[in-house]
Amino acid sequence: SHLVLLILAGVTLIKVVVAAQCVGTHEIHQMQVQAQAYLSGADILDRASTKGNPSFFPLGHYDLVAGCWLLAQILGIPFSFVIKLPAILADLVVGLVLIATPGGGHRAALLYMLNPVTLLLSAYHGQPHTVAVAAALCSLWLVGRPRWGWAGALLGVAASIRQHYAALGVGVQYFN
């Protein structure tokens, strides 16, 4: 219904406002340091390159945080805001996919979007985990269509941000 879409858009706008109002956690600073080290070509696994915080993430994580760092520099706005935007938009994508998923629907989308944990993870913490969740969920949704190429590409995106999503590829292959 249009009301549900309006609520999802409203919650997304609230998350953007919250993201703009708060710096977030120390993890945001750590992601900024990771982005700077990655873009400078430094060894991101060396504690000296990341100010005492070696970062053991897949390449997609670094691409995401580096892209946010570059965008923040280009636009002249705080990284602490820009890094939260992909997660906030990913929450909206998850809500929209839930609406379009049999067994999901409007109630599932609203429960997801109105869950305070999603607000904390995206608008406060700026966690890229949500981007991986959205890509994995879209991948699974596309498997049911069947759009194997796009499903595989999105699963690759999810796994490149958080490696444990690679296990979905095994599961999808096993159940088909």
Side-chain angles (χ1 to χ4, degrees), residues 1-16 18-19 27-28 31 34-35 38-39 44-45 55-71 81-176:
S1 101
H2 296 296
L3 178 60
V4 172
L5 294 176
L6 187 61
I7 292 170
L8 295 184
V11 170
T12 301
L13 181 60
I14 289 169
K15 288 180 179 186
V16 170
V18 169
E27 291 174 325
I28 290 177
M31 286 186 279
Q34 292 167 5
Y38 179 66
L39 289 169
I44 51 180
L45 300 178
S55 306
F56 305 106
F57 295 110
L59 186 60
H61 169 88
Y62 296 108
D63 290 338
L64 183 61
V65 298
C68 288
W69 172 250
L70 290 172
L71 184 61
F81 174 67
V82 175
I83 191 64
K84 298 171 188 174
L85 294 178
I88 292 169
L89 293 174
D91 280 343
L92 178 59
V93 168
V94 168
L96 294 173
V97 171
L98 287 171
I99 288 173
T101 301
H106 295 121
R107 182 176 294 153
L110 289 171
L111 286 171
Y112 178 80
M113 287 294 283
L114 295 172
N115 183 335
V117 173
T118 65
L119 175 73
L120 286 172
L121 288 177
S122 61
Y124 183 68
H125 290 292
Q127 290 294 320
H129 300 70
T130 309
V131 177
V133 168
L137 184 63
C138 288
S139 174
L140 291 173
W141 185 80
L142 288 167
V143 164
R145 300 295 166 270
R147 300 273 186 144
W148 298 102
W150 285 108
L154 284 171
L155 185 56
V157 168
S160 77
I161 296 169
R162 290 290 180 261
Q163 64 275 12
H164 51 277
Y165 287 105
L168 285 177
V170 175
V172 168
Q173 181 63 30
Y174 177 75
F175 290 111
N176 281 315

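In this structure, CD1 on I161 lies 12.0 Å from CD on Q127, to the nearest 0.5 angstrom. To the nearest 0.5 Å, the span separating CG on L59 from CG on L64 amounts to 11.0 Å. The distance from the CG atom of L8 to the OG1 atom of T12 is 6.5 Å, given to the nearest 0.5 Å. Here the CG-CG distance, from L142 to L154, works out to 6.0 Å after rounding to the nearest 0.5 Å.
Here the shortest heavy-atom pairing between F57 and Y62 reads O-CE1, 3.0 Å. Pairing each heavy atom of K84 with each of G126, the nearest pair is CG-CA, 3.7 Å.
With hydrogens and angles disregarded, no donor-acceptor distance shorter than 3.5 Å links the side chain of S139 to the backbone of A135.
The side-chain heavy atoms of M31 and P128, taken from C-beta on, include a pair separated by under 4.5 Å.
When the ring pair (Phe, Tyr, Trp, His ring centres under 6.0 Å) test is applied to F81, no partner is found at least two apart in sequence or on another chain.
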Check step by step if side-chain contact (heavy atoms from CB on, under 4.5 Å) holds for V65 and Y38.
CA-CA 9 Å; V65 298; Y38 179 66; over 6 Å; no

Using residues 85-114 as the side-chain source, report each donor-acceptor pair under 3.5 Å to any protein atom, sequence neighbours left out, with the distance given to one decimal.
residue: D91; atom: OD1; partner: Y112; partner atom: OH; Å: 2.8
residue: D91; atom: OD2; partner: K15; partner atom: NZ; Å: 2.7
residue: D91; atom: OD2; partner: S122; partner atom: OG; Å: 2.8
residue: T101; atom: OG1; partner: V97; partner atom: O; Å: 2.5
residue: H106; atom: NE2; partner: S1; partner atom: N; Å: 2.6

